[in-house]
Structures are given as structure tokens and as C-alpha cells.
Amino acid sequence: FEGENFWFSVYLSKGHYAIFDPKNREWKYSKDEKHHQAIQQISQPLSSTHGIAFNGKTLWLGGSYGESFGSINMETWQVEKHFTQKVRPDLPSSQSYSSFAFDGTNIWAAWHSFVYKLPTSETQQLLKINCETGEIIEKYPLPAGTRNDGVHGLTFDGKKLWHIKDKTLSAIDLKGNIISQFILKELYRPSGL
């Protein structure tokens, strides 16, 4: 949500996205090739986006396979930042920036690796990222969920982060501490928040 509309990335869509206007209750599917090209540039190698967040007029997004993330100026649709390092270059399998949130200063990412020989605390992590340098400032274990399901949701409410994985909704402070949790029995594989 960038203040007016809800934005949805579309998996394996070569940079396409959808917008929902809650006031008019209208959906719009992207058609602008300049937008698609900017998103594809960041979401390489498969031009597939995972995780989006807004910092004013800046759109942050990550590639589905954890090989890149960055930002786009939404007024010009120019790529502002593009970081191409993997969180764990030593791991041979897929990684994913499952979801992003912006706290007013830093970008936060729910990150997932599909290496099951490692402890869950190393494969499901909350990353605090410097917006200017792309440096990971802190890493915290996320509340564990199904190991082979890389789906996570993450958002910021102005004071704390909220993370959802499987049926567990967790409030997390900006030091990575879980401050409350709720079990949502009616949900199955929520993928955004």
C-alpha cells in the first residue's frame, strides 16, 4: 500500500503488477513497458518479483530467487538502487526475499533459504537492510514455520513489524524480539501482509 492503492506483484510475469483502488473498487493491470523493464532489471535472473514495499515515492522489491533487490523511483520509473548479492552466497539452493517492509529508515526483509540441513534459525530470517548501501545491518531468526514453504508476509505498523508464516501472526520489535503471537486457525499459506 503506497497511501492510495494496494499493489500486487505477479509471479513470473516479466515485471507486470496489479493495482487495486479501494475507493473506486477498481483493478488495473500494468501495461507500461518502462515500468516492466525497471522491475525486470531488479528482479533478475527470472524477472520475477517477491516482496514489495514503499518508501514514499520509492518502490522496493526483491527477486524471487534471492539474487537481487533494489528500488525504483515511481515518478520517473528509473532504478535508483540495485543490489545483486545473495544473503548466503555459500548456499547452493534457492533463496528468497519473501516480503519487505519499510520502517521510515531501513528496509526489512523476510528471507528464506531452502537448505534443510541447516537449523531453521538460519533459513528463515528477518533482515534489517541499510537503504543506501544494501548492507544487511542485522539478522534475526523469524518465527519458524513449514521449512519447505518459502511464503512469508511482513509489514510495519509505525511501531513494530508484523510477520505471518503458516497460521502464526507475530509482532516483532525493531530489535528482532517477538513481543506477541496469534494463531489464526482459518488461514492456509498466507503469502502477504
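Please read all numbers here as calculations on a predicted model, not as lab measurements.
- Side-chain contact, Ser68 with Gln44: no donor N or O sits under 3.5 Å from an acceptor N or O.
- Nearest heavy-atom pair across Gln95 and Arg88 is NE2-O, 2.6 Å.
- Between the side chain of Thr146 and the main chain of Asn148, no donor-acceptor pair closer than 3.5 Å is present.
- In this structure, NZ in Lys128 is found 12.5 Å from CD1 in Ile107, a value given to the nearest 0.5 Å.
- Inter-residue side-chain proximity for Ile72 and Thr58 is flagged as unmet; no heavy-atom pair is nearer than 4.5 Å.
- By the 4.5 Å heavy-atom criterion applied to side chains, Pro143 and His163 are counted as neighbours.
- Pairing each heavy atom of Lys167 with each of Lys185, the nearest pair is NZ-O, 3.2 Å.
- Judged purely by distance below 3.5 Å, without hydrogens or angles, the side chains of Ser96 and His50 pair a donor atom with an acceptor atom.
- For the pair Phe69/Ile129, a side-chain contact is recorded, criterion being any heavy-atom separation below 4.5 Å from C-beta on.
- Going from atom CG of Leu126 over to atom CD1 of Ile178 covers 9.5 Å, rounded to the nearest 0.5 Å.
- A donor-acceptor contact shorter than 3.5 Å links the side chain of His82 to the backbone of Gln41.
- Partner Phe54 forms a ring-ring contact (aromatic ring centres under 6.0 Å, His included) with one of Phe100, Phe1, Trp7 and no other, that one being Trp7.
- When the side chains of ILVMFWY residues are joined at heavy-atom separations under 4.5 Å, either directly or via intervening members, Val79 and Phe83 end up in two distinct hydrophobic clusters.
- The shortest side-chain heavy-atom distance between Leu61 and Ile39 falls under the 4.5 Å cut-off.
- A distance of 11.0 Å separates OG1 in Thr120 from CD in Gln125, rounded to the nearest 0.5 Å.
- Judged by distance alone, the side chains of Glu135 and Asn130 never bring a donor and an acceptor atom under 3.5 Å apart.
- In this structure, the side chains of Leu127 and Tyr97 come closer than 4.5 Å at one or more pairs of heavy atoms.
- Thr123 places no side-chain N or O within 3.5 Å of a backbone atom of Phe114 that could act as its donor or acceptor partner.
- Taking the six-membered ring for Trp and thresholds of 30 and 60 degrees, Trp108 and Tyr140 have nearly parallel ring planes, at less than 30 degrees apart.
- Under a hydrophobic clustering in which Ile, Leu, Val, Met, Phe, Trp and Tyr are joined whenever their side-chain heavy atoms come within less than 4.5 Å, directly or via other members, Phe156 and Leu142 fall into the same cluster.
- Note on ring orientation: taking the six-membered ring where Trp is involved, the planes of Tyr29 and His16 are parallel (angle under 30°, cut-offs 30° and 60°).
- Between Trp162 and Phe182, the ring planes are parallel. Angles under 30° get that label, and only those over 60° would be called perpendicular.
- Counting heavy atoms from C-beta outward, Phe20 and Arg25 have side chains that approach closer than 4.5 Å.
- In terms of heavy atoms, Leu154 sits closest to Ala110 at CD2-N, 3.7 Å.
- Looking only at atom types and distance, the side chain of His35 has a donor-acceptor partner in the side chain of Tyr17 under 3.5 Å away.
- Looking only at distances, no side-chain donor or acceptor of Lys57 sits under 3.5 Å from a matching main-chain atom of Met74.
- At distances below 3.5 Å, not a single donor-acceptor pair connects side-chain atoms of Glu138 with backbone N or O atoms of Gly176.
- In terms of modelled atom types and a separation under 3.5 Å, the side chain of Asp173 and the main chain of Asn177 share a donor-acceptor contact.
- Taken together through direct or relayed side-chain contacts under 4.5 Å among Ile, Leu, Val, Met, Phe, Trp and Tyr, Ile172 and Leu169 form parts of separate hydrophobic clusters.
- Atom OG of Ser170 sits about 8.5 Å away from atom CD1 of Ile164, to the nearest 0.5 Å.
- In this structure, Asp166 CG and Ile183 CD1 are separated by 9.5 Å, a value rounded to the nearest 0.5 Å.
- For the pairing with Lys160, the side-chain contact (heavy atoms from CB on, under 4.5 Å) check across Asp103, Ile179, Leu174 returns one residue only, Ile179.
- Between the side chain of Glu2 and the backbone N or O of Glu4 there is at least one donor-acceptor pair closer than 3.5 Å.
- Side chain to side chain, Ser30 and His36 meet the donor-acceptor criterion of an N or O pair below 3.5 Å.
- When Gln78, Glu80, Lys81 are each tested for a side-chain hydrogen bond (donor to acceptor under 3.5 Å, both in side chains) with Asn73, only one passes: Glu80.
- A distance of 10.5 Å separates OG in Ser99 from CG in Leu161, rounded to the nearest 0.5 Å.
- Residues Lys23 and Asp21 approach most closely at N-OD1, 2.9 Å, considering heavy atoms.
- Using a 4.5 Å heavy-atom threshold, the side chains of Asn55 and Trp60 count as touching.
- Not a single donor-acceptor pair under 3.5 Å links the side chain of Gln181 to the backbone N or O of Thr168.
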Derivation and outcome, side chain to side chain contact (heavy atoms under 4.5 Å, CB included), residues Glu67 and Gln85: CA-CA 6 Å; Glu67 296 185 24; Gln85 71 272 16; over 6 Å; no

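- Gln124 places a side-chain N or O within donor-acceptor distance of the main-chain N or O of Gly145, the cut-off being under 3.5 Å.
- Taken together through direct or relayed side-chain contacts under 4.5 Å among Ile, Leu, Val, Met, Phe, Trp and Tyr, Ile136 and Val115 form part of one hydrophobic cluster.
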